[in-house]
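The structure appears below as C-alpha cells.
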Amino acid sequence: MEFDPNLGPLGPLHGVWEGERGDDVAPSDKPANDRQPVTSRYRERMIFEPTGPVDNHEQTLYGLRYATKAWRLGAVDPFHEEVGYWLYEPATGLVMRCFMPPRGLTVLAGGTAPASARKFSLEARSGDEVFGICSSPFLTAEFKTVRYTLDVELVGDDTLRYESHTFMKLKEQDELFDHVDANTLARVTR
C-alpha cells in the first residue's frame with residue numbers, strides 16, 4: 001500500500017481504525033485516599049486525515065488531523081474522546097502528537113523516528129517547555145499528569161498497536177498512579 005512519504009512513519013496511520021481489544025487501567029471512583037486500579041475493556045475508533053504541509057519559516061511539518069472515541073464494551077456512550085494532530089518533520093525525523101481530551105488537559109509529546117519506522121515512542125513531562133503537559137486547576141490538584149509515554153507499532157498495513165502510560169499524582173497518595181491504555185486496531189478504510 002502506498003503512503004505519503006512526507007509523513008514518514010505517520011503515513012501508514014492515514015485512514016480509519018477500529019479495535020475492540022482495549023484495556024484501560026484507571027483509578028477507581030473510591031475516595032481520594034483509597035483509589036485502587038480498575039481494569040476495563042473498551043472498543044475504539046480512530047480517524048487520521050492528512051493536513052498538508054505546515055511551514056514554520058524554515059521548518060516544514062507534515063501532519064494528520066486526529067480524533068478518537070472509546071466506549072466500554074457494551075456501552076452506548078463513549079467514556080473517552082480526544083482530538084489533535086500527529087506531526088512529522090522529515091528534515092530531522094521529529095515526530096509529535098498534540099492532543100486534548102475534553103477534561104481540561106493538553107499534551108504535546110515528541111520523539112524521533114526514521115521515515116521508514118514501523119515502531120516509535122513519544123514522551124511528555126509536566127513542566128517541560130518542549131514536550132509538556134498542561135492541566136486545569138482541578139486536574140492539577142486531584143489527578144496531576146506528571147509524565148506521558150506512548151509506544152506505537154504498525155504491523156503490516158492493517159494493524160495498529162499502541163500502549164500509553166499516563167503517570168498521575170493522585171491527591172492524598174504518595175506513589176504515582178500508572179494509568180495504562182493499550183489496544184490493537186484494524187484498518188477499516190484508507
Side-chain angles (χ1 to χ4, degrees), residues 10 13 17-19 22-49 51 54 56 61 63-73 75-89 94-112 120-152 160-183 185:
L10 302 180
L13 292 175
W17 301 80
E18 292 182 353
D23 283 315
D24 173 54
V25 180
S28 71
D29 291 333
K30 295 192 183 233
N33 62 357
D34 188 31
R35 290 208 169 97
Q36 298 299 315
V38 174
T39 301
S40 58
R41 304 283 305 191
Y42 65 95
R43 65 185 173 89
E44 184 171 23
R45 180 177 173 89
M46 293 182 170
I47 302 170
F48 296 91
E49 302 169 318
T51 62
V54 175
N56 289 328
L61 300 171
L64 296 168
R65 185 178 303 106
Y66 157 79
T68 190
K69 286 187 180 183
W71 297 261
R72 298 202 191 287
L73 292 184
V76 174
D77 295 323
F79 76 96
H80 182 80
E81 294 184 49
E82 55 190 53
V83 296
Y85 294 92
W86 293 62
L87 303 167
Y88 181 67
E89 182 182 28
L94 178 65
V95 179
M96 295 182 283
R97 177 180 180 216
C98 48
F99 67 97
M100 182 176 72
R103 298 177 183 270
L105 174 77
T106 59
V107 177
L108 174 58
T112 57
F120 57 89
S121 299
L122 307 176
E123 183 173 0
R125 291 181 181 270
S126 178
D128 193 325
E129 290 183 9
V130 177
F131 296 120
I133 301 161
C134 188
S135 301
S136 69
F138 173 80
L139 290 180
T140 299
E142 301 286 332
F143 302 92
K144 181 178 179 158
T145 299
V146 298
R147 183 173 173 231
Y148 169 81
T149 64
L150 173 67
D151 294 313
V152 175
L160 166 62
R161 292 186 187 132
Y162 75 86
E163 181 171 307
S164 68
H165 293 263
T166 304
F167 298 94
M168 299 184 296
K169 172 66 176 101
L170 304 182
K171 184 177 182 178
E172 299 182 24
Q173 291 194 357
D174 294 329
E175 294 193 23
L176 292 180
F177 186 95
D178 182 8
H179 178 171
V180 181
D181 286 308
N183 204 352
L185 300 99

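Residues: numbered from 1 along the sequence shown. No hydrogens, no waters, no symmetry mates; every other heavy atom, side chains included, goes into these values. Remember, it's a predicted structure, so these values are computed and weren't measured experimentally.
Put simply, the side chain of Y88 does not reach to within 4.5 Å of the side chain of L64, judged on heavy atoms. Annotation: side chain of Y162 is in contact with side chain of L185 (closest heavy-atom distance under 4.5 Å). Residues R147 and E123 meet the side-chain proximity criterion, which asks for heavy atoms closer than 4.5 Å. Looking only at side-chain heavy atoms (C-beta outward), D23 and R41 come within less than 4.5 Å of each other. Side-chain contact between L160 and M46 is present, with at least one heavy-atom pair separated by less than 4.5 Å. Proximity of L122 to F131: side-chain heavy atoms (C-beta onward) are nowhere separated by under 4.5 Å. Proximity of V83 to R65: side-chain heavy atoms (C-beta onward) are nowhere separated by under 4.5 Å. Residues K169 and L176 are in side-chain contact: their nearest non-hydrogen atoms beyond the backbone lie under 4.5 Å apart.
L108 and V130 make their closest contact through CD2-O, 3.6 Å (heavy atoms, listed as atom of the first residue, atom of the second, distance). In plain terms, the two heavy atoms of S135 and T140 that are nearest each other are CB-OG1, 3.3 Å. Taking all atoms of both residues into account, the shortest heavy-atom contact from L105 to I133 is CD1-CG2, 3.6 Å. Nearest heavy atoms, N183 versus G22: OD1-N, 3.0 Å. The minimum heavy-atom distance linking V38 with S28 is given by the pair CG2-CB, 3.4 Å. Between T68 and Y66, the shortest heavy-atom distance links the atoms CG2-OH, 3.2 Å.
One distance of note links CD of E81 with CZ of R103; it measures 10.0 Å at 0.5 Å rounding. Annotation: the span from K144 atom NZ to M168 atom CE amounts to 13.5 Å, rounded to 0.5 Å. E18 CD to I47 CD1: the interatomic distance, rounded to the nearest 0.5 Å, is 9.0 Å. From L87, atom CG reaches atom CG of L94 across 8.5 Å, with rounding to the nearest 0.5 Å. Rounding to the nearest 0.5 angstrom, the gap separating the CZ atom in R125 from the OG1 atom in T149 is 9.5 Å. Once rounded to the nearest 0.5 Å, the distance linking OG of S121 with CG of D151 reads 3.5 Å.
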Candidate pair W71 and R45, rule side chain to side chain contact (heavy atoms under 4.5 Å, CB included), full reasoning
CA-CA 9 Å; W71 297 261; R45 180 177 173 89; 4.1 Å; yes

Using side chain to side chain contact (heavy atoms under 4.5 Å, CB included), reason through M96 and L61 one step at a time and then give a plain yes or no.
CA-CA 10 Å; M96 295 182 283; L61 300 171; 4.0 Å; yes

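Note on ring orientation: taking the six-membered ring where Trp is involved, the planes of F138 and F143 are tilted (angle from 30° to 60°). Between H179 and F177, the two ring planes are perpendicular [angle over 60°; tilted spans 30° to 60°].
Residues meeting the salt bridge (charged side-chain N to carboxylate O under 4.0 Å, His left out) test with R161, sequence neighbours left out: E153.
For an aromatic pair to be called close, the ring centres must be under 6.0 Å apart, and F99 with Y148 satisfies this.
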